[in-house]
> 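This is the structure I have questions about; it appears just below.
Sequential numbering from 1 along the given sequence is applied to the chain's residues. These numbers come from a predicted model, not from an experiment.
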Amino acid sequence: MTNYIKAFLFFFLFFPFVLPAQEIVFGYSLVYGKYQLDDFKSMQQKGIRFYQDLYGKDFNYKSTETFPDGWIHNAYVGTKFSFHEVGLQYNYLTTGGRNHLADYSGELKNDHILSGNALGVYYKLNFLSLPLSKDVHLTAHAGTSVGMIYNKIKNNITYYLENPLIDYYGREFQNTDESIKLRSTNWYIQPNLGVQFWFKNLISLNLNAGYMFDSPGNIKTADRDTQYIQTIQYNSEGKISGMEYGSTPGKEYNVGVDWSGLRLSVGIGFAFSISK
């Protein structure tokens with residue numbers, strides 16, 4: 001990851017001296033994004049079916065949050081020359097899912113909290129410039145961005161019983177509130193179209209629409225800070241036979257964080273001239 005960031009910084013610092021850059025631009029956008037996340041939604045349902053198989057279909061363990069689409073923070077900085085614009089951009093994505101059951105006897109809760117830090121390069125071709133008034137003009141562009149997303153996944157599991165159970169071997173079940181930390185890395189490409197309303201060539205209102213194509217990598221347990229989780233295990237007779245389950249640091253799972261989906265954004269930009 002460190003080498004990747006250094007390469008991007010070198011690209012941005014060196015690029016303006018190679019090209020006849022006319023302006024430095026930067027800005028911020030709030031993006032509404034849709035996410036696929038099919039693997040995690042499937043895991044949620046498997047978790048529900050697991051407990052319903054143990055306790056019956058009337059066991060009211062259910063999904064109360066199912067990885068909803070949400071808001072993405074986007075920041076960019078770049079250079080403009082002629083009809084072209086290139087630069088760096090950063091996006092922060094987050095969502096989560098929860099399976100939950102709580103009543104007078106205790107609580108069972110399983111949270112998956114997902115966050116992604118996306119760093120990439122972007123390119124825009126400004127194919128239209130239209131004056132609207134003395135101080136305002138409109139530009140339209142087509143472009144794309146490519147980069148990597150560094151995902152962090154936190155799985156929090158809570159078991160709490162008002163009257164702790166005694167397992168098959170006479171051991172008392174311990175109430176547990178534990179977490180597993182996981183990570184993964186994705187590649188993405190995002191083509192887009194947009195318009196900008198410029199005021200005196202200094203400040204712009206930016207409107208964009210695009211679609212992110214995300215290539216998710218498998219998640220792995222973190223190399224450090226991985227804790228052990230206690231769960232109830234049952235024998236063939238349906239009696240409690242154990243409680244311990246260990247997660248192995250660095251273990252890879254055939255599950256990915258897929259952020260693919262539509263992107264709609266509104267934001268503000270700034271520009272200042274560097275041409276002589």
> Atom OG1 in T185, atom CG in N218: separation rounded to 0.5 Å?
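Between atom OG1 of T185 and atom CG of N218 there are 11.0 Å.
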> Enter the distance from S179:OG to K154:NZ here, rounded to the nearest 0.5 Å.
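Interatomic distance, S179 OG to K154 NZ, rounded to 0.5 Å: 5.0 Å.
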> Does the side chain of K109 come within less than 4.5 Å of Y160's, by heavy atoms?
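With C-beta onward as the side chain, the pair stays apart.
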> Got a second to check how far M212's CE is from N192's CG, nearest 0.5 Å?
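Spacing of CE (M212) from CG (N192) equals 10.5 Å.
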> Nearest 0.5 angstrom please: T79 OG1 to E23 CD, how far?
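Answer for the OG1-CD pair, T79 versus E23, is 10.0 Å.
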> Testing the 3.5 Å rule here: is there a donor-acceptor pair between the side chains of Y122 and E85?
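Side-chain D/A pair, Y122 to E85: present.
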> Side chains of K80 and N126: closer than 4.5 Å at any heavy-atom pair?
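Yes, side chains in contact.
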> For F83, I'd like to know if atom CZ has over 12 heavy atoms of other residues, nucleotides or ligands within 6.0 Å.
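No, because the 6.0 Å sphere around CZ of F83 holds 12 heavy atoms or fewer from other groups.
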> Strictly below 4.0 Å, N to O, side chains only: are R98 and E65 in salt-bridge contact?
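No, R98 and E65 are not salt-bridged.
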> Is it the case that over 12 heavy atoms from other parts of the model lie below 6.0 angstrom from the NZ atom of K152?
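Atom NZ in K152 is not crowded, with 12 or fewer foreign heavy atoms closer than 6.0 Å.
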> For the pair Q89 and S145, evaluate side-chain hydrogen bond (donor to acceptor under 3.5 Å, both in side chains) and give the outcome as yes or no after the intermediate values.
CA-CA 8 Å; Q89 69 173 20; S145 60; 3.1 Å; yes
> Which pair of heavy atoms, one from S129 and one from T139, lies closest together, and at what distance?
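For S129 versus T139, the nearest heavy atoms are OG-CG2, 4.1 Å.
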> Do you reckon V266 sits in the same ILVMFWY cluster as I72, going by side-chain contacts under 4.5 Å, direct or chained?
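No, no single cluster joins them.
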> For the hydrophobic clusters of this structure (ILVMFWY residues joined by side-chain heavy atoms under 4.5 Å, transitively), does one cluster hold both W198 and I268?
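No, because W198 and I268 fall into different hydrophobic clusters, even though each may have its own neighbours under 4.5 Å.
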> Indicate whether the side chain of Y90 and that of N117 have a donor and an acceptor atom separated by less than 3.5 Å.
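Indeed, the side chains of Y90 and N117 share at least one donor-acceptor pair under 3.5 Å.
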> Should the ring pair Y61 and Y51 be called parallel, tilted or perpendicular, given that the plane angle runs from 0 to 90° and is split at 30 and 60?
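Rings of Y61 and Y51: perpendicular, over 60°.
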> Looking only at side chains, do D135 and S133 share a donor and an acceptor under 3.5 Å apart?
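The answer is no; no qualifying pair exists.
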> List in chain and number order the residues that pass side chain to side chain contact (heavy atoms under 4.5 Å, CB included) with N151, two or more places apart in sequence or in another chain; answer none if no residue qualifies.
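Only I149, I153, S184, N186, V257, W259 meet the side chain to side chain contact (heavy atoms under 4.5 Å, CB included) criterion with N151.
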> Centroid separation under 6.0 Å, is that true for the rings of F270 and F272?
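F272 vs F270: aromatic centres not under 6.0 Å.
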> Ignoring hydrogens and geometry, is there a side-chain-to-backbone donor-acceptor pair from T94 to L114 under 3.5 Å?
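Side chain of T94 to backbone of L114, a donor-acceptor pair under 3.5 Å: yes, one is there.
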> Name every donor-acceptor pair, under 3.5 Å, that has one atom in a side chain of residues 25-41 and the other anywhere in the protein, sequence neighbours excluded.
from : atom 1 : to   : atom 2 : distance (Å)
Y28  : OH     : H73  : ND1    : 2.7
K34  : NZ     : D69  : OD2    : 2.9
D39  : OD2    : G256 : N      : 2.9
K41  : NZ     : Q36  : O      : 3.4

> Applying side chain to side chain contact (heavy atoms under 4.5 Å, CB included), can you list everything that pairs with K57, at least two apart in sequence or on another chain?
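Q52, D53.
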> Transitively linked via ILVMFWY side-chain contacts under 4.5 Å: L125 with L128?
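No: no chain of side-chain contacts under 4.5 Å links L125 to L128.
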> Kindly indicate, with the supporting measurements, whether the criterion side-chain contact (heavy atoms from CB on, under 4.5 Å) is fulfilled by F197 and H137.
CA-CA 6 Å; F197 296 90; H137 73 278; over 6 Å; no
> Using the side-chain hydrogen bond (donor to acceptor under 3.5 Å, both in side chains) definition, which of the options N99, N156, N155 pairs with N110?
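That would be N155; it is the only one of N99, N156, N155 passing the side-chain hydrogen bond (donor to acceptor under 3.5 Å, both in side chains) with N110.
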> Does the side-chain contact (heavy atoms from CB on, under 4.5 Å) test come out yes or no for Y211 and Q190, once each step is laid out?
CA-CA 6 Å; Y211 192 96; Q190 181 179 321; 5.9 Å; no
> Indicate the atoms forming the closest heavy-atom contact of A209 with L264, along with that distance.
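Looking at all heavy atoms of both residues, the shortest contact is CB-CD2, 3.7 Å.
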> Considering all heavy atoms of both residues, which atom of L193 and which atom of A142 are nearest to each other, and what is their separation?
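Taking L193 first and A142 second, the nearest heavy atoms are CD2-CB, 3.6 Å.
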> Are Y92 and N74 close enough, and set up right, to give a side-chain contact (heavy atoms from CB on, under 4.5 Å), and what steps lead you there?
CA-CA 7 Å; Y92 177 74; N74 168 270; over 6 Å; no
> What do the steps show when you test S63 against Q45 for side-chain contact (heavy atoms from CB on, under 4.5 Å), and what is the final call?
CA-CA 8 Å; S63 297; Q45 297 308 308; 3.6 Å; yes
> So, applying side-chain contact (heavy atoms from CB on, under 4.5 Å) with Q196, which one of N206, L207, L205, L138 is it?
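Filter result, single survivor: N206.
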> Among the clusters formed by ILVMFWY side chains lying less than 4.5 Å apart, do F67 and I113 turn up in the same one?
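Different clusters: F67 never reaches I113 through Ile, Leu, Val, Met, Phe, Trp or Tyr contacts under 4.5 Å.
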> Side chains of N208 and H141 only: does a donor on one sit below 3.5 Å from an acceptor on the other?
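Note: N208 and H141 side chains meet the donor-acceptor criterion.
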> If you count the non-hydrogen atoms of other residues, nucleotides and ligands that lie under 6.0 Å from CG in N254, is the total more than 12?
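No, the 6.0 Å shell around CG holds no more than 12 heavy atoms from other groups.
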> Between L130 and L132, is there a side-chain heavy-atom distance shorter than 4.5 Å?
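A side-chain contact under 4.5 Å exists here.
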> Any side-chain donor paired with an acceptor under 3.5 Å for E107 and H100?
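Distance-only check passes for E107 and H100.
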